[in-house]
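Below: one structure, written as structure tokens.
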2 protein chains.
Amino acid sequence: MNGDAFDPDCPTRLILDRIGDKWSVLVVLSLRNGPRRFTELRDAIGGVTPKVLTQTLRAMARDGLLTRHVFAEVPPRVEYELTPLGQSLHAPIQAVADWAEHHVNEVMAAREAATG
Amino acid sequence: MNGDAFDPDCPTRLILDRIGDKWSVLVVLSLRNGPRRFTELRDAIGGVTPKVLTQTLRAMARDGLLTRHVFAEVPPRVEYELTPLGQSLHAPIQAVADWAEHHVNEVMAAREAATG
DNA sequence: TGCCCTTGGTACCCTCTGGAAACCATGATG
DNA sequence: CATCATGGTTTCCAGAGGGTACCAAGGGCA
């Protein structure tokens, strides 16, 4: 029994809060095939604002999930890339994303049945 | 290529937003072994307030992930139970929770290294 | 006949984050 | 000298998250 995650003071909960964030999930999926620049990420992840994307990337870098590499060029270039730790997170996250894709119809049907 | 999840108007994103919520994750894990009452859930999931738990359970019921069964008793009794759809979500969520447990040390180390 | 107990929530309030839009520094380029 | 592109930052605002107090409906008990 791994009830650890239910203790609000347990580190596992902190991690769950972080990686449970929808933007973090989408960043991991966006970077699964290699490094990307800030603007590429912003364009790839529809609906994210630069402020929130910056916050998300900074937090993920702080947690060792990705690296931030700044090139001394003009115009500036910054590349984000998953660390091995971040890459190891891809499989579980992909499993959740796959679930969402496969069951979206059922969920939407239930939602509409409840609403209407 | 399953880039669907990156379109903000894609239903998959809506689902991802819902099940990505940390309380939903913990509710699924709490109910994986059978039905539970409101108070049991509130006590099992440390730190959740009744308001937020109610919101979460109502939304999950609306999405067909769990059922809400009210017994006409006094004091009132309400049982929440995962539907088959909700149970199918357990495996992917458990994978993420397992990842968190296995890598919490690495993340905490990275976080402290960045802070200090 | 009151009084308290339990459960499953609501109501109220307040903070704090998520998001929208505007702005900025740099230097190459026309 | 104006323009353009990048990778953000700043400001402001609404709405969600969260804390605390309270409520309704009986049953048991004194």
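Below, chains carry the letters A, B, ... as their sequence lines are ordered, and counting in each starts from 1.
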* Asked: With a non-hydrogen cut-off below 4.0 angstrom, is B:Arg37 in contact with a base, only sugar-phosphate, or nothing?
  -> sugar-phosphate
* **Side chain proximity check, B:Val27 to B:Leu66, heavy atoms < 4.5 angstrom** => yes
* To do: For residues A:Arg32 and A:Leu29, determine if any side-chain heavy atom of one lies less than 4.5 Å from a side-chain heavy atom of the other.
  => yes
* Can you name the nearest heavy-atom pair linking B:Glu106 to B:His102, along with the distance? -> OE2-O, 4.4 Å
* Taking DNA chain C as the partner, which of residues 14-31 of chain B come within under 4.0 angstrom of it by heavy atom? -> none
* Asked: Sequence neighbours excluded, which residues qualify as side chain to side chain contact (heavy atoms under 4.5 Å, CB included) partners of A:Pro75?
  -> none
Indicate every side-chain donor-acceptor pair of residues 82-90 of chain B with a distance under 3.5 Å to a residue at least two apart or in another chain.
{"residue": "B:Thr83", "atom": "OG1", "partner": "B:Gly64", "partner atom": "O", "Å": "2.6"}
{"residue": "B:Thr83", "atom": "OG1", "partner": "B:Leu65", "partner atom": "O", "Å": "3.1"}
{"residue": "B:Thr83", "atom": "OG1", "partner": "B:Leu85", "partner atom": "N", "Å": "3.4"}
{"residue": "B:Thr83", "atom": "OG1", "partner": "B:Gly86", "partner atom": "N", "Å": "3.1"}
{"residue": "B:Ser88", "atom": "OG", "partner": "A:Trp99", "partner atom": "NE1", "Å": "2.9"}
{"residue": "B:Ser88", "atom": "OG", "partner": "B:Leu85", "partner atom": "O", "Å": "2.6"}
{"residue": "B:His90", "atom": "NE2", "partner": "B:Gln94", "partner atom": "OE1", "Å": "3.1"}

* Tell me, please, the opening and closing nucleotides of DNA chain C, 5' to 3', among those with an atom under 4.0 angstrom from a non-hydrogen atom of chain A. => C:dG18 to C:dG27
* **Qualifying ring pair (Phe, Tyr, Trp, His ring centres under 6.0 Å) pairs, either residue in residues 42-77 of chain A, two or more places apart** => A:His69-A:Phe71
* To do: Residues of residues 72-82 of chain A with any non-hydrogen atom less than 4.0 angstrom from an atom of DNA chain D: list those, numerically ordered, please.
  => A:Pro75, A:Pro76, A:Arg77, A:Val78, A:Tyr80
* Structure fact -> DNA chain D: first to last nucleotide in contact with chain B (atom under 4.0 angstrom from a heavy atom), 5' to 3', is D:dG17 to D:dG26
* Residues touching DNA chain D, which here means a heavy atom under 4.0 Å, drawn from residues 51-70 of chain A -> A:Lys51, A:Thr54, A:Arg58, A:Arg68
* Pairwise distance CD(A:Glu79) to CD(A:Glu40) - rounded to 0.5 angstrom -> 7.5 Å
* To do: Look up atom CD in A:Glu112 and atom CZ in B:Arg62, then write down how far apart they are to the nearest 0.5 Å.
  => 11.0 Å
* Asked: So do the side chains of A:Leu41 and A:Leu31 get within less than 4.5 Å of each other, counting heavy atoms only?
  -> yes
* **Test side-chain hydrogen bond (donor to acceptor under 3.5 Å, both in side chains) applied to B:Arg37 - qualifying residues, sequence neighbours left out** => none
* To do: Sequence neighbours left out, what passes side chain to side chain contact (heavy atoms under 4.5 Å, CB included) with A:Asp43? Give chain and number order.
  => A:Thr39
Validation: residues 49-61 of chain A side-chain donor-acceptor distances under 3.5 Å, sequence neighbours left out:
{"residue": "A:Thr54", "atom": "OG1", "partner": "A:Pro50", "partner atom": "O", "Å": "2.9"}
{"residue": "A:Thr56", "atom": "OG1", "partner": "A:Val52", "partner atom": "O", "Å": "2.8"}

* To do: Only counting residues at least two apart or in another chain, list the ones meeting side chain to side chain contact (heavy atoms under 4.5 Å, CB included) with B:Val96.
  => A:Leu16, A:Ile19, A:Pro92, A:Val96
* Asked: Under a 4.5 Å cut-off applied to non-hydrogen side-chain atoms, are B:Asp7 and B:Arg13 in contact?
  -> no
* Asked: If you measure from CD1 on B:Ile15 to CD on A:Glu101, what distance do you get to the nearest 0.5 Å?
  -> 11.0 Å
